[in-house]
There are 2 protein chains.
Amino acid sequence: MGTKLVDGSISVDCWERLRAINDTKDILSGKWKVMIIACLASFGKKRYMELQRLLAGIGTKMLSKELQELEINGLITRTVMNTKPITVEYELTRYGHSLKPIIDEMALWGKSHRGKIIDEIAKKE
Amino acid sequence: MGTKLVDGSISVDCWERLRAINDTKDILSGKWKVMIIACLASFGKKRYMELQRLLAGIGTKMLSKELQELEINGLITRTVMNTKPITVEYELTRYGHSLKPIIDEMALWGKSHRGKIIDEIAKKE
DNA sequence: CGGAATCCCTTACGATACTG
DNA sequence: CAGTATCGTAAGGGATTCCG
């Protein structure tokens, strides 16, 4: 279980770690996926239009596309309700919830980052 | 310090959290930034060409651009060495290292995700 | 060696209109 | 209401060349 080396410099473990990071990055790629997940994590089950309102600025094309990709990856479920006119609910799957640690760390960092920026601006005055 | 409400539905705290997540996402946007940070976190100080070799496939244009953006955001330092021909070293700043928890969670999730995919393929056979 | 400049192409994304 | 279809643009990104 020691560190396996490739061409004397980079360990396999290290490379696999980089690959894992890259996988995650790819799945969360796109302009809105992270925010969609964060919204569903914060607010729970949400309808199409509610998501569109929460994600101010997103159009129907992008919202549909990103939701589909998230569903394909097993991160959210799509449920069509028996109403008229129809309504559709989206919800994080249990697997989708497993992304929560990443989102949480991003929230933490983003918050402190904004604080840092504000401090820097204050110093310049 | 209770939960402040906006239009009776979304709390300010919740909205600020979403904004923080979005900030982080923006700073880590781009095809290579996360990987650059991960590489510098794993391998420490690295030269331009070494990075290019580690990030198999990246071209000089993208590498330069993403490095500059990371530098502007205070996440990495760029040091020109007195050699001939010149060499340049890139390194994570202390602030850059503060992104480590995010990267770590991404590595963790990506690893388990790959495991899950492999399991699913195995079941189908 | 590090990187800027150029060219070119694809994709991502947005706005709008339309449908069950 | 929840999308799909279509169109158009801007940006992202790759390959190559050139320069200090």
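So you know, we letter chains A, B, ... as the sequences are listed, proteins then strands, and number each from 1.
- Of the candidates C:dG14, C:dG2, D:dG14, the closest approach to any side-chain atom of B:Trp32 belongs to D:dG14.
- Note that the CZ atom of B:Arg19 and the CZ atom of A:Arg114 stand 3.5 Å from one another [nearest 0.5 Å].
- In this structure, B:Met35 atom CE and D:dG13 atom P are separated by 14 Å, rounded to whole Å.
- In this structure, A:Glu66 places its CD atom 14 Å from P of D:dG3, rounding to the nearest Å.
- Phosphate proximity of D:dT4 to A:Tyr48: absent, as no side-chain N or O sits under 4.0 Å from OP1 or OP2.
- Here the closest non-hydrogen pair linking A:Thr93 and A:Gly74 is OG1-O, 2.7 Å.
- For the pair A:Lys84 and C:dG20, the criterion of a side-chain N or O lying under 4.0 Å from OP1 or OP2 is not met.
- The distance from atom NZ of A:Lys31 to atom P of D:dG12 is 10 Å, rounded to the nearest whole Å.
- Counted by atom type alone, B:Thr60 and B:Tyr48 present zero donor-acceptor pairs between their side chains at under 3.5 Å.
- Remark: P of C:dA4 and CD of B:Glu69 are 12 Å apart, rounded to the nearest angstrom.
- A salt bridge links B:Asp104 with A:Arg17; the closest basic N to acidic carboxylate O contact falls under 4.0 Å.
- With rounding to the nearest 0.5 Å, the separation of NZ in A:Lys100 from CG in A:Leu92 is 10.5 Å.
- Within the structure, a side-chain polar atom (N or O) of A:Tyr90 is placed less than 4.0 Å from OP1 or OP2 of D:dG3.
- An end-to-end axis angle of 50° holds for the helix from C:dC1-D:dG20 to C:dG20-D:dC1, taken from five base pairs per end and rounded to 10°.
- The environment of NZ in B:Lys116 is crowded: more than 12 heavy-atom neighbours from other residues, nucleotides or ligands sit within 6.0 Å.
- Rounding to whole angstrom units, CG of residue B:Leu63 and P of C:dA4 are separated by 10 Å.
- Taking atom CE on B:Met62 and atom P on C:dC7, their separation rounds to 17 Å, with Å as the unit.
- Taking 4.0 angstrom as the limit, A:Arg78 places a side-chain polar atom (N or O) nearer than this to OP1 or OP2 of D:dG3.
- Of all nucleotides listed (C:dA4, D:dG13, C:dT16), C:dA4 comes nearest to the side chain of B:Thr60.
- The separation between B:Ile86 atom CD1 and C:dA4 atom P is 10 Å, rounded to whole Å.
- Once rounded to the nearest 0.5 Å, the distance linking CZ of B:Arg53 with SG of B:Cys39 reads 10.5 Å.
- Here the P atom of nucleotide C:dG3 and the CG atom of B:Leu70 are 13 Å apart, to the nearest Å.
- If A:Pro85 and A:Lys61 are placed on DNA chain D by their nearest nucleotide, the residue sitting closer to the 5' end is A:Pro85.
- Contacts of A:Ser64 with the nucleic acid, taken as non-hydrogen atoms under 4.0 Å apart, include base atoms.
- Of the side-chain N and O atoms in B:Gln68, one or more sit less than 4.0 angstrom from OP1 or OP2 of C:dA4.
- A:Leu75 CG to B:His113 NE2: the interatomic distance, rounded to the nearest 0.5 Å, is 7.5 Å.
- The side chain of A:Met49 lies closest to D:dA2 when the candidates are D:dT4, C:dG3, D:dA2.
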